Amino acid sequence: MKKIKPAFFTCLTACITACTLGVQAKSTLWKITSERGTLYIQGSAHILKPENYPLAPEIEQAYSEAAALVLEVDMGEMLRPETQQLILSKALLTQPDTLQTTLSPEVYKEFSEAAAAAGLPPEALNPFKPWFAMMTLTITKMQRLGLNENLGLDRHFYNKAQADGKKVIGLESLDYQISLFDSLSSENPDDFIHRALAELTDFETDLNSLLTAWETGDFNTLDTLINKSFEGYPQLREKFITARNRAWVKQLAAMLKSGGTSMAVVGAGHLPGDEGVINLLSKKGFSVEQL
């Protein structure tokens, strides 16, 4: 979250595309205003390195001004003990199927070699559907590259909101997000794994450029590195990006109209473009400014 796995890099990395609103790129922080309220929207990287902190002062200032924090999903829901069981109920194959029997011998060999190289025993992933096995490999590879999901912006600001007693609002339920992942089960498993492995290799190559572009608001570079991944897959863009943007904007617009100041931290790939969150809010008559 993408060519074959929009949820992976949309939900696990700085999934940011080119800004087409005709403004000079400054950062991934936006200020949206109505007659009654203010909403800061920060494009999120869901997994980062320690050196990506501290954040720019304007991002922390936006949080300080906000009375409520808006996330894709309330992380309190994500951190509940029963969440692991919910994920497993979606991720496990139905016996006697295994990942090895689901994939062709050639593709299973390709995946097994990649898993072993990342320090994952391939047999440990045999009970899982291709999307979950690939997600596990993706996260493991990212960790080996120095990235840490606990350092993602969502977690950073959720922890601050908990400590500060601020209200946390989720735009989606965790069950819905997991179902999005699980919908990838309808993909051709061999095609899915083969292309996901190829894109993971590209991600490793582009990682430093990606993080630098995210930090500096270099949308042209981000477009080159990420937006190209949706080319040829309009149905996946609609499911994982566009449809969710429309649903989110309805909620965000209601917050703006109700007054007060809030801060939303959502995957940055949801912000740009004609059907991006920023342009959709602008079309509703709100003032938008990139900070």
Side-chain angles (χ1 to χ4, degrees), residues 1 6-17 19 25-32 38-79 138-139 142-143 145-164 166-172 174 177 203 207-219 221-222 225-226 240-241 244-245 248 251-252 255 261-272 276-278 290-291:
M1 223 124 49
F8 292 164
F9 293 141
T10 295
C11 296
L12 298 177
T13 68
C15 295
I16 310 164
T17 52
C19 176
K26 302 172 184 178
S27 71
T28 51
L29 176 66
W30 291 77
K31 184 178 183 180
I32 319 297
T38 298
L39 173 68
Y40 291 101
I41 301 181
Q42 170 62 44
S44 175
H46 300 292
I47 181 167
L48 285 171
K49 295 182 176 183
E51 52 263 40
N52 295 123
Y53 289 89
L55 299 173
E58 59 267 25
I59 300 176
E60 295 288 5
Q61 180 60 35
Y63 167 80
S64 296
E65 295 178 17
L69 175 67
V70 182
L71 302 173
E72 292 183 24
V73 61
D74 183 346
M75 295 199 73
E77 181 182 2
M78 186 179 297
L79 298 173
T138 299
I139 294 174
M142 288 181 177
Q143 290 171 339
L145 292 170
L147 292 159
N148 186 337
E149 63 269 27
N150 291 322
L151 296 178
L153 285 193
D154 318 73
R155 179 66 68 88
H156 171 76
F157 283 113
Y158 175 78
N159 290 342
K160 288 174 72 74
Q162 290 295 103
D164 296 338
K166 292 191 179 186
K167 183 178 182 180
V168 177
I169 301 168
L171 294 170
E172 299 172 336
L174 181 62
Q177 287 206 346
F203 173 79
L207 175 61
N208 289 333
S209 296
L210 172 64
L211 290 176
T212 299
W214 170 77
E215 275 193 320
T216 60
D218 181 353
F219 284 100
T221 298
L222 292 167
L225 293 174
I226 300 179
F240 284 91
I241 300 292
R244 296 168 72 200
N245 289 352
W248 294 355
Q251 299 175 67
L252 297 175
M255 294 176 197
T261 300
S262 300
M263 181 182 185
V265 180
V266 299
H270 292 275
L271 301 190
V277 167
I278 303 301
Q290 189 176 15
L291 301 179

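Numbers here simply count residues along the sequence, with the first being 1. What you are looking at is a predicted structure, and each value in this text was computed from that prediction instead of being measured. All heavy atoms count here, side chains included; hydrogens, waters and symmetry mates do not.
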Practice item. Go through the structure and list residues passing side chain to side chain contact (heavy atoms under 4.5 Å, CB included) with A62, not counting sequence neighbours. Key: L29, Y40, M263

**Study point:** Partners passing salt bridge (charged side-chain N to carboxylate O under 4.0 Å, His left out) against E65 (at least two apart in sequence or in another chain)
**Key:** none

Point to revise | Steps toward side chain to side chain contact (heavy atoms under 4.5 Å, CB included) verdict (V266, V70) | key: CA-CA 8 Å; V266 299; V70 182; 5.7 Å; no

Check your understanding: Taking only residues two or more places apart in sequence or in another chain, which ones pass side chain to side chain donor-acceptor pair (under 3.5 Å) with D74?
Key -> none

Point to revise | Partners meeting salt bridge (charged side-chain N to carboxylate O under 4.0 Å, His left out) with E77 (sequence neighbours left out) | key: none

Review point. Which residues satisfy the side chain to side chain contact (heavy atoms under 4.5 Å, CB included) test with A56, sequence neighbours excluded?
Key: E58, I59

**Study point:** Partners meeting salt bridge (charged side-chain N to carboxylate O under 4.0 Å, His left out) with K167 (sequence neighbours left out)
**Key:** none

Exercise for review: Would you sort out whether K166 and Y158 count as a side chain to side chain contact (heavy atoms under 4.5 Å, CB included), showing the intermediate values?
Suggested key: CA-CA 9 Å; K166 292 191 179 186; Y158 175 78; over 6 Å; no

Point to revise | Results of side chain to side chain donor-acceptor pair (under 3.5 Å) for Y63 - residues two or more places apart only | key: D164

Practice item. Kindly write out the residues that satisfy side chain to side chain contact (heavy atoms under 4.5 Å, CB included) with N159, not counting sequence neighbours, or none if the list is empty. Key: R155

Review point. Under 3.5 Å, is there a donor-acceptor pair between the Q290 and S27 side chains?
Key: no

Practice item. Examine the side chains of W248 and E72 and answer whether a donor and an acceptor come within less than 3.5 Å of each other. Key: no

Practice item. Walk me through it: do L252 and L171 pass the test side chain to side chain contact (heavy atoms under 4.5 Å, CB included)? Key: CA-CA 9 Å; L252 297 175; L171 294 170; 4.3 Å; yes

